[in-house]
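Each remark here refers to the structure printed beneath this line.
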Amino acid sequence: MNLRILAVDDSRTMRDMLNLALNHAGFTTHLANDGEHGLEVLEHMEKPDAIITDINMPRLDGFGFIGAVRIQEKYRGIPILILTTESADTLKTRARNAGATGWIVKPFDPPKLVRALQLVTG
Amino acid sequence: MSDPMAEIKASFFLECEELLEQLQDGLKRFEEGDDDTETINEVFRAVHSIKGGAGAFGLTALVSFAHIFETSMDIVRSGEKTPTSDDYKTFLHASDILCDLVVASRDETEVSKARVDESVVTLQAFLGERNKSEQEVDPLDFQPMGVSMDLSPIGNLGNISPSTRVSSAPSLLDLTSFPDAAADDNLDKVSPSSQNEGRHPHIPRRPFSQGRCKDHG
């Protein structure tokens, strides 16, 4: 299954790791370094099968990014996974209310991330 | 043939240099009266990113210290506490320790435990009540764990076992871990934890070895 994934994270290291893990699984990745950049990349790419985003980012954080994606009709059905070191229930509630599909705590295990993406994309 | 994970790890340490500079510059501006919320957010994100990358490479000493430092910065950015001049000294000293831990992680050496503990004690004093609740949470407890997933929002996902809902977020899937996928040995090879964490002689040592880690103490 060749999925098209948009991954948004302000950490260069994390973007590199996601790119490596997802490409290794045969996925096509598009990367962005914060929420605003993520919206720009999203606008110019073919509709992704899923989106992965961090929370704490400059300019536009993960919650703002998800909200901006979800208000666009064409993106409402895309699974959006939050990938973060945080795990507080209050944040998960914010994530749910913003429109996130799932939550993965860093550090991620590549095969399990791939599996998670395969499952949420059906 | 190059090792992609080794290259990413080398890149991580280079990224740490930038983040540490961002951290220390931000702390100084904040101490000097810069009350722009983005300044403290930058400081928080710097520590947060170092912690995240360190966790990915299993750098436990760095993760542990970064966690308590990050929590301190979270208290400041949330407005729970306004730092005193002594608190700024604590933070600047902590940034030095963080730098030393980054260098030690890169070079596979160690930082004096007494020195690290001294900084931890001062950070814990700043955390106060929040420190008690933080101690109940293992800062390293963000490893991939067993499946905890609520299936109901998107229906049957095959042979994944259902589990309890994520409390307070019933329609959010907690996908931190899964049962082991069908065997694919090649995927395991990109796992950071499976990589040899050897030295990386091509990492330029210049910035850290030439006194990059300042002594604010």
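Predicted model only: the values in this text are computed from it and were never measured. So you know, we letter chains A, B, ... as the sequences are listed, proteins then strands, and number each from 1.
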If you tally heavy-atom pairs under 4.5 Å between each of B:Ser11, B:Ala54, B:Pro4 and chain A, the highest tally belongs to B:Ser11

Exercise. Can you say whether the rings of B:Tyr88 and B:Phe30 are parallel (under 30°), tilted (30 to 60°) or perpendicular (over 60°)?
Worked result: perpendicular

Donor-acceptor check, side chain of B:Ser49 to backbone of B:Ala46, threshold 3.5 angstrom: yes or no?
no

(message) Heavy-atom count check: over 12 atoms from other residues, nucleotides or ligands less than 6.0 Å from A:Gln72 CD?
(response) yes

Only residue of B:Glu38, B:Gln22, B:Glu70 satisfying side chain to side chain donor-acceptor pair (under 3.5 Å) with B:Arg45 is B:Glu38

Bottom line for A:Leu83: the part with an atom under 4.5 Å from chain B's heavy atoms is neither

Contacts of A:Phe65 meeting ring pair (Phe, Tyr, Trp, His ring centres under 6.0 Å) (sequence neighbours excluded), chain-then-number -> none

- [ ] Walk me through it: do A:Asn56 and A:Thr84 pass the test side chain to side chain donor-acceptor pair (under 3.5 Å)?
- [x] CA-CA 8 Å; A:Asn56 293 291; A:Thr84 177; 4.9 Å; no

Okay, A:Asp10 and chain B: the region with an atom under 4.5 Å from a heavy atom over there is both

Task: Pair B:Arg29 + B:Glu32: basic N to acidic O under 4.0 Å - done: no

Filtered by a 4.5 Å non-hydrogen cutoff, the part of residues 42-50 of chain A contacting chain B is none

Honestly, the part of B:Glu42 sitting under 4.5 Å from a heavy atom of chain A is neither

_Check for me whether B:Arg77 meets the cation-pi criterion with B:Phe44, that is, NZ or CZ under 6.0 Å from the six-membered ring centre and within 45 degrees of the ring axis._
yes

